[in-house]
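Here is the naming used below: chain letters follow the sequence lines, and residue numbers restart at 1 for every chain.
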Amino acid sequence: MKQSGFGREQGIEGIRAFQDTRSIATIDPDALAAMAH
Amino acid sequence: MPASKTSTGCRERVLGDARHARYGEGRTGLSIGGESRATDEVLRVADPAKPGVIVGEAAASAQPGWAALSSQERAAAMAEAIAGIAAGRDEDAAILSQENGKIRFEAWIDVLVFEIRWNLALMLADEADAEKVLEPAPGIPVTPRVAYQPLGVVSVIVPFNWPIAILGAALPHALLAGNKVIVKPPPSVPLATTRVVQRVAEKLPAGVLNVVTGPDENMAALIESPDVAKVCFTGSVAGGKRIMAMAANMLTLVPLELGGNDAAVFLPDAIIDDTHLDRLFAAIFDTTGQICMNAKRVLVQRSRLSEVVDGLAARLDLAVLGYGLDEGTTMGPLHQPAQKAFVEQLIAETKDAGADVREFATLPGGDLAGGNVVRPAIVVDPDPGLRSSPRSSSAPSYRSSPSTRRRRRSGSPTTPGAACAARCGPPIRRRPGASAGNWNAAMCGSTITVQRGSICGHRSAV
């Protein structure tokens, strides 16, 4: 998909091309407890 | 930097008296026909030689506020900014036609596409900032919340051939994502793009949308500034190489759209009717052939060769060469003298070699006699050794790295300012069951990456 091509102009990919992704992880008590067993 | 110096140093573009007389009224922020025109406080025109001015004044100051808005809020502001843009479209198109050379209708579409793409982007407002929460993965007892954020400052550098439409493929998306943008119109076609961007920028918060014009050699800050997070470039291969090298120092993201040389391919069972021939004709000769993804070569199964050649010839017989603004003109001049010289040289070489060169339409006279108008041509079956032969050029291939970089891996000839952007065409598809030997009647197009010299050939092997 090119900058000026089809798809880019209509899809969310056109927006994502100008974004960074960030991720924040929060401890999940249930998952943590499950790991303890 | 003082406003007067900024205006003089960066934006001045003097055009002929004729344009001034016709379109000189109105506020453009440019200098036309020797008459200065003021800019306002919102549209910051920066000195590209001073990174601090460009990014520090306009971009950095605007970034926090714009980025802090929700995508829906930004979309609302952008919808308001684009409202009424069509009111100036006729004049935008007329100016673009004069700058570029292409016919008025194409210029009008160029401007229209900008608005269409802008509004298409706004439809993504709800999705743009949407976060998602992932379930804990086995052995990783956390719940990740994934979200998106703007990159920062984005430079968008557009080419001469379809500057405003191509701008529309990046600018609204970058803005909606929360970035601030600096637009750099082509040095030889700055007026219409600047007019459109200016009208939109005036309605957005100060510094969110900026436009800078001037010679390329003064534009290094748009690429090298540490505050610029991404550079979108559509243009020549040589320009793309330079920009990628310049951006490397700061590891700035650089998606490149460069020259292309894809062939149009007709398989033995292809539908070759008026509808498809019309589309092929447009795909070769629109904008006088000066589009990266125009078909410069046409490969046709031998048994279908005459249909394609005759179909193109019939359409070229109706071509009217002339001034882009004149009623009835279907093909304007090439954009710059260098492109004309290249095409003429290529055609001359092909003729000298005894190839079947078929030229169409009549060159205009009068004050257009010294312009860049060139007769469109088809060449059938050029010698493999000629530059116009399909064998003398390689179809472009591209690769994308995991980042947003995209670059050209193998070369096809380009000329300065022509054939911008890249298109990665589909691989040649052989008819199921057919061997290379059966697929041997190719017709080829020109290796002209510019313009109208679509050269068709007929050869015995591919």
Is the shortest side-chain N to carboxylate O distance from B:Asp110 to B:Lys102 below 4.0 Å?
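Yes, charged N to carboxylate O under 4.0 Å.
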
Is the shortest side-chain N to carboxylate O distance from B:Arg74 to B:Asp129 below 4.0 Å?
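Looking at B:Arg74 and B:Asp129, the cut-off is met.
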
Under 4.5 Å, counting heavy-atom pairs only, tell me which of B:Thr143, B:Val154, B:Val146 racks up the most with chain A.
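Heavy-atom pair counts peak at B:Thr143.
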
Chain A contacts, top residue of B:Ser71, B:Pro136, B:Ala128 (heavy-atom pairs, under 4.5 Å):
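Between B:Ser71, B:Pro136, B:Ala128, the count favours B:Ala128.
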
Please check: side-chain N/O of B:Glu115 versus main-chain N/O of B:Leu112, any donor-acceptor pairing under 3.5 Å?
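Pair absent, no side-chain N/O of B:Glu115 close to backbone of B:Leu112.
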
Inter-residue atom distance B:Ile291.CD1 - B:Trp162.CH2, 0.5 Å rounding
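Separation between the atoms: 6.0 Å.
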
Side chain from CB out, backbone as N, CA, C, O: work out which of these in B:Glu131 comes under 4.5 Å of a heavy atom of chain A, or both, or neither.
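Just its side chain gets close to chain A.
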
